[in-house]
Amino acid sequence: MKGARFLMFTAVMFAGCATEEPTNLLEAYEEVDATTILDAPSAIPGTFAPAHRGRVARGEYMVELLGCGVCHTDGALVGDPDFERSLAGSATGIAYMKPMGEEHPGVVYPANITPDDETGIGTWTDQQIANAIRAGIGRHGDQRIASMPWQGYARISDDDVDAIVSYLRSIKAVRHKVPDKVEPGDRATHPFVYFGVYRSKP
Ligand code: HEC
C-alpha cells in the first residue's frame, strides 16, 4: 500500500458508557477503509487438511485454522479467552461502524456456536449453519451477518463445511446468551472493540 506507515488497531476497547469528551489520540492519523481487513486470504489451491483425519477431527482443525474462536470465545477479542466456554459466544462485541465518527455505532456480539438449544446453534439445521459460515446468511434467511468474515469463508468446500458443522455439533453445549445486537444510535451496554486501519497523515 504505497509504503505508507500504517498503524493497525485490532483491539481498541470502548466502554459503552463514556461520559467525558475523549481527547482524540488519533489526530495525527487518518483512517483507511478497512472494510475488507477481516477477510481471510483465499485458500492456496492444493492445500488440504490431512486426508486421514476423521470428519470431526478435520472440523476441529478447520475451526482452529480459520480462527473462529478469536471472535466466538468470550474474552478472546481482548486477549483473555475463557477456554471453559470455548466458542460459546462473546460478551465483547464488534462495532461495525466507526466509533470515532458515530457516537453510538452499531455493535454485534459474536454468537454462541456451541450446540446449546436455547443460546447456541443446537436447533439450527446443517444447511443453516453452512449458510451462516459461507454466505453470512442469518437464521431467517434474509439478514446478512455483520462483522463475521464470511467473505473469506465463501469458498470452503462442501466436505470441509460439513466437517466444521460436525465438529460444532460434537463440542460441549454451553448455555451462554450473548448481548443483543445494538442498533446504530443506541448506546451499547457491553464493551466492544473496533477493527480499524490508520495511517499517518501526510
Ligand atoms: C471476526 C470475528 C468472527 C470470526 C473470525 C468468525 N465469526 Fe462467526 N460470527 C461473528 C459475529 C459478530 C456473528 C454474529 C453476527 C450478527 O449477529 O449479525 C457471527 C455469527 C456466526 C454464526 C451464526 C450464529 C448465530 O446465532 O447468529 C455462525 C454459525 C458462525 N458465526 C460461525 C463461525 C465459524 C464456524 C467461524 C470460523 C470458520 C466463524 N464464525 C468466525 C464473528 C466472527
Side-chain angles (χ1 to χ4, degrees), residues 8-12 34-43 49 56 58-79 81 86-97 105-171 173-184 188 190-197:
M8 184 161 154
F9 286 87
T10 46
V12 186
T35 46
T36 57
I37 61 159
L38 294 178
D39 289 0
S42 42
V56 170
R58 186 186 176 91
E60 179 177 22
Y61 166 85
M62 299 283 305
V63 164
E64 279 173 14
L65 194 65
L66 296 170
C68 315
V70 171
C71 294
H72 285 278
T73 298
D74 222 0
L77 281 168
V78 288
S86 259
L87 301 173
S90 171
T92 302
I94 304 173
Y96 57 87
M97 301 159 78
V107 179
V108 282
Y109 293 84
N112 180 343
I113 54 171
T114 73
D116 183 57
D117 282 355
E118 245 172 67
T119 61
I121 54 169
T123 61
W124 288 44
T125 64
D126 290 1
Q127 191 61 54
Q128 283 171 327
I129 301 171
N131 287 345
I133 297 169
R134 285 196 301 204
I137 296 171
R139 187 173 198 173
H140 302 294
D142 44 338
Q143 176 202 347
R144 286 280 170 194
I145 290 175
S147 295
M148 155 101 179
W150 56 267
Q151 295 96 328
Y153 304 149
R155 294 173 71 183
I156 296 177
S157 70
D158 290 348
D159 278 356
D160 284 343
V161 94
D162 284 352
I164 293 174
V165 171
S166 304
Y167 170 65
L168 293 178
R169 293 210 187 284
S170 79
I171 60 177
V174 179
R175 183 141 306 178
H176 178 225
K177 189 179 175 329
V178 301
D180 290 334
K181 166 178 177 180
V182 177
E183 296 298 335
H190 289 74
F192 56 88
V193 298
Y194 168 63
F195 293 95
V197 179

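Every number for a ligand or one of its atoms is a count from 1 in the order of the listing.
- For ligand 1, the atoms lying closer than 4.0 Å to a non-hydrogen atom of C71 are 1 (C), 2 (C), 3 (C), 4 (C), 5 (C), 42 (C), 43 (C).
- In terms of modelled atom types and a separation under 3.5 Å, the side chain of H72 and the main chain of S86 share no donor-acceptor contact.
- The two atoms that bring F195 and L77 nearest to each other are CZ-CD2, 3.8 Å, heavy atoms only.
- Short contacts between ligand 1 and I133, defined as distances under 4.0 Å to a heavy atom of the residue, involve ligand atoms 35 (C).
- When the side-chain hydrogen bond (donor to acceptor under 3.5 Å, both in side chains) test is applied to D126, the partners found at least two apart in sequence or on another chain are R169.
- With a 4.5 Å cut-off on side-chain heavy atoms, R144 and I137 count as touching.
- Here H72 has side-chain heavy atoms under 4.0 Å from ligand 1, and that is the only part of it that gets that close.
- Every heavy atom of F195 sits 4.0 Å or more from the atoms of ligand 1.
- Heavy-atom contacts of G67 reach the following atoms of ligand 1: 5 (C) (cutoff under 4.0 Å).
- A side-chain donor-acceptor contact under 3.5 Å links T73 to the backbone of L87.
- Taking a 4.0 Å cut-off on heavy atoms, V63 fails to register as neighbouring ligand 1.
- Here C68 has heavy atoms under 4.0 Å from ligand 1 in both its backbone and its side chain.
- For I156, the side chain to side chain contact (heavy atoms under 4.5 Å, CB included) partners two or more places apart in sequence, or in a different chain, are M62, L66, I133, R134, Y153, D160, V161, I164.
- Ligand 1 has no atom lying under 4.0 Å from any heavy atom of K181.
- Interface of S147 with ligand 1, defined as ligand atoms under 4.0 Å from a residue heavy atom, comprises 1 (C), 2 (C).
- Heavy-atom contacts of W124 reach the following atoms of ligand 1: 23 (C), 24 (C), 25 (C), 26 (O), 27 (O) (cutoff under 4.0 Å).
- Residue contacts with ligand 1 include I145, since one or more of its heavy atoms lies under 4.0 Å from the ligand.
- In this structure a side-chain-to-backbone donor-acceptor pair under 3.5 Å is missing from S147 to Y96.
- Comparing heavy-atom distances from atom 18 (O) of ligand 1 across G106, S90, A146 singles out A146 as nearest.
- The main-chain N or O of H176 is found under 3.5 Å from a side-chain atom of N112 such that the two form a donor-acceptor pair.
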